[in-house]
Amino acid sequence: MVIGTHRPTQVLVDRLAIKANIIAEKETLTDDTDIFAVIKADAYGHGLIEVAKTAKEAGVKGFCVAIIDEAIAIREAGFSEPILILGLTQSKYAPLLAENKISATVSELNWLKEASVLLKKEQSAPLSVHLALDTGMGRIGFREADPFLETINFLKGNKDVFNFEGIFTHFATADSPDDTYFKKQMAKFNKLMAVVVDRPRYVHVSNSATSLWHAACNGNLIRMGISMYGLNPSGGEVALPYELKPAMGLTSELSFVKEIHTGDSVGYGITYQAQENEWVGTIPIGYADGVFRNLQGFKLLVDGQFCEIIGRVCMDQLMVRLPYKMPNGTKVTLIGKDGNEVITAQDVATYAGTIHYEVTCALSERVPRVYL
Ligand code: PLP
């Protein structure tokens, strides 16, 4: 991907905010509970390696990613901390995982059987494994005690190739004010855990929401994602127990300003027509950068004043109605603060009918990340 370093459109990442969020979380935990920073999907759009460095400086003990390539990128950047892949990896890559000291999530015994053949053949170092339990998320993991126990016994019988490092589950509604389903999942987790005689190093259930609102269940490892980036996992539905500082900003500039006249149209599909003479600013950012096409009508900050996006968002540019003629180069804020006004990733998400996770992850690699 070509990065637009010569275009005045940038994602700003406030590293001090990330550190403050991690430190605030740490203060709620007992000493025997570690934090792994969840930095999958380019650290939710904030930049994989810089966030890894920042999180490590703030005291996290390891990292979680979604896919093997993200884990290898972290190793290639020189990190030696534990890395857990939260998703499933094809068993043929077991030796590659072992060679890079990357921990695998495992959901079925057959995976281990296939992997053990390859690991023995390659004479690999033991592969660290976390067993996933599906307690109600319906995604990956063991659902019944018998296959789970059989798998634990297989791990025990193959200590030369596997290091049984963890057991975990993931909650579907930890960010909801209604904890009925959460409690059901917790009960299922406890039931499945009843078959475990020797606990592995890590038993973990907490993403950000679980740790914020159900801390009593935490286990000894927090998989801290969205709260590290300073966003409320519930999007605001549930109040935060401590303050989070949003880490991401998105800024640009007016690249062209013109006056249009009553009846003139703006953008593809002529979905906007001027009702009077008005000033229009063009901004060099579009849906190829991750600004959703359905944001027509959303208000951005231009020099600290709310200005509406008029016409459809184009691939690389969008247009706004200005209160008066403003010069080229005037600062535009799509996420963040300017003067007394602020636009949050949640504001964008609400308007677009999605969640803030999608807003930050959608910002494409084309937009340079600038670290503050
Ligand atoms: N744990 C698992 C298994 C996940 O899939 C995720 C994110 O999708 C996380 C933890 C981090 O979640 P959050 O960003 O809500 O903290």
Side-chain angles (χ1 to χ4, degrees), residues 17-18 21-22 24-26 28-29 33-46 48 51-52 55 58 60-68 70-71 82-89 102-107 129-143 165-176 182 185-186 189 202-215 217-238 240-242 244-248 345-346 349 354-362:
I18 292 175
N21 296 329
I22 293 170
E25 169 67 14
K26 254 172 87 171
T28 71
L29 303 174
T33 305
D34 290 345
I35 299 176
F36 278 17
V38 181
I39 52 175
K40 62 196 172 101
D42 203 28
Y44 294 33
H46 296 68
L48 179 73
V51 172
V60 307
K61 291 284 162 50
F63 305 107
C64 294
V65 293
I67 63 173
I68 184 172
E70 293 170 336
I83 305 174
L84 169 62
I85 301 179
L86 297 170
L88 301 176
T89 309
I102 297 165
S103 305
T105 288
V106 171
S107 227
V129 165
H130 290 229
L131 297 182
L133 298 180
D134 181 4
T135 56
M137 179 68 186
R139 191 166 63 179
I140 56 172
F142 296 89
R143 296 166 73 94
E165 188 180 54
I167 301 175
F168 74 99
T169 196
H170 191 52
F171 292 105
T173 61
D175 57 351
S176 165
F182 182 92
Q185 279 198 255
M186 202 61 219
F189 180 73
Y202 288 118
V203 175
H204 49 115
V205 304
S206 293
N207 62 352
S208 302
T210 307
S211 186
L212 286 166
W213 296 304
H214 307 276
C217 313
N218 266 348
N220 58 6
L221 170 61
I222 310 298
R223 308 183 302 262
M224 187 179 186
I226 200 74
S227 61
M228 180 174 69
Y229 306 106
L231 300 175
N232 178 334
S234 77
E237 202 184 354
V238 190
L240 292 168
Y242 59 83
L244 291 174
K245 295 186 192 326
M248 183 184 278
Q346 183 55 41
T354 183
I355 52 173
H356 50 46
Y357 291 77
E358 192 179 355
V359 171
T360 67
C361 288

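A quick note: this is a predicted structure, and the numbers were derived from the prediction, not measured. Both counts, for ligands and for their atoms, begin at 1 and track the order of listing.
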Asks: Considering non-hydrogen atoms of the protein only, which is the closest contact for atom 15 (O) of ligand 1, and what is the distance?
Replies: Tyr357 OH, 2.6 Å

Asks: Check whether any side-chain N or O of Gln185 sits under 3.5 Å from a backbone N or O of His170 as a donor-acceptor pair, and report yes or no.
Replies: yes

Asks: Is Ile226 touching ligand 1 with its side chain, its backbone, both, or neither, if touching means heavy atoms under 4.0 Å apart?
Replies: both

Asks: With the threshold set at under 4.0 angstrom, would you say Tyr229 reaches ligand 1 through any of its heavy atoms?
Replies: no

Asks: Within the side chain of Thr105, is there an N or O that forms a donor-acceptor pair under 3.5 Å with the backbone of Ile85?
Replies: yes

Asks: Side chains of Ser227 and Glu25 only: does a donor on one sit below 3.5 Å from an acceptor on the other?
Replies: no

Asks: Among all protein non-hydrogen atoms, which one is nearest to atom 14 (O) of ligand 1, and what is the separation to 0.1 Å?
Replies: Tyr44 OH, 2.5 Å

Asks: Name the closest protein heavy atom to atom 4 (C) of ligand 1, giving the residue it belongs to and the distance to 0.1 Å.
Replies: His170 CE1, 3.4 Å

Asks: Looking at ligand 1, does Arg139 have a heavy atom less than 4.0 Å from it?
Replies: yes

Asks: Would the distance check show the side chain of His130 and the main-chain N or O of Leu86 forming a donor-acceptor pair, the cut-off being under 3.5 Å?
Replies: no

Asks: When you compare ligand 1 with Arg223, is there at least one nitrogen or oxygen pair between them that comes in under 3.5 angstrom?
Replies: yes

Asks: Are any of the N/O atoms in Val38 less than 3.5 Å from those in ligand 1?
Replies: no

Asks: Which bit of Ser208 is near ligand 1, meaning a heavy atom under 4.0 Å away: side chain, backbone, both or neither?
Replies: both

Asks: Any idea which protein heavy atom is nearest atom 12 (O) of ligand 1, and the distance to it?
Replies: Asn207 CB, 3.4 Å

Asks: Is there a donor-acceptor pair closer than 3.5 Å between any side-chain N or O of Asn232 and the backbone N or O of Val238?
Replies: yes

Asks: Find out whether Tyr202 and Asn220 are in side-chain contact, i.e. whether some heavy atom of one side chain is under 4.5 Å from a heavy atom of the other.
Replies: yes

Asks: Does Met228 have a non-hydrogen atom less than 4.0 Å from ligand 1?
Replies: no

Asks: Spell out, as yes or no, whether a donor-acceptor pair under 3.5 Å connects the side chain of Asn207 to the backbone of Arg223.
Replies: no

Asks: Tell me: protein heavy atom nearest atom 7 (C) of ligand 1, and distance?
Replies: Lys40 NZ, 3.1 Å

Asks: With heavy-atom distances below 4.5 Å as the criterion, would you say the side chains of Asp175 and Glu237 are in contact?
Replies: no

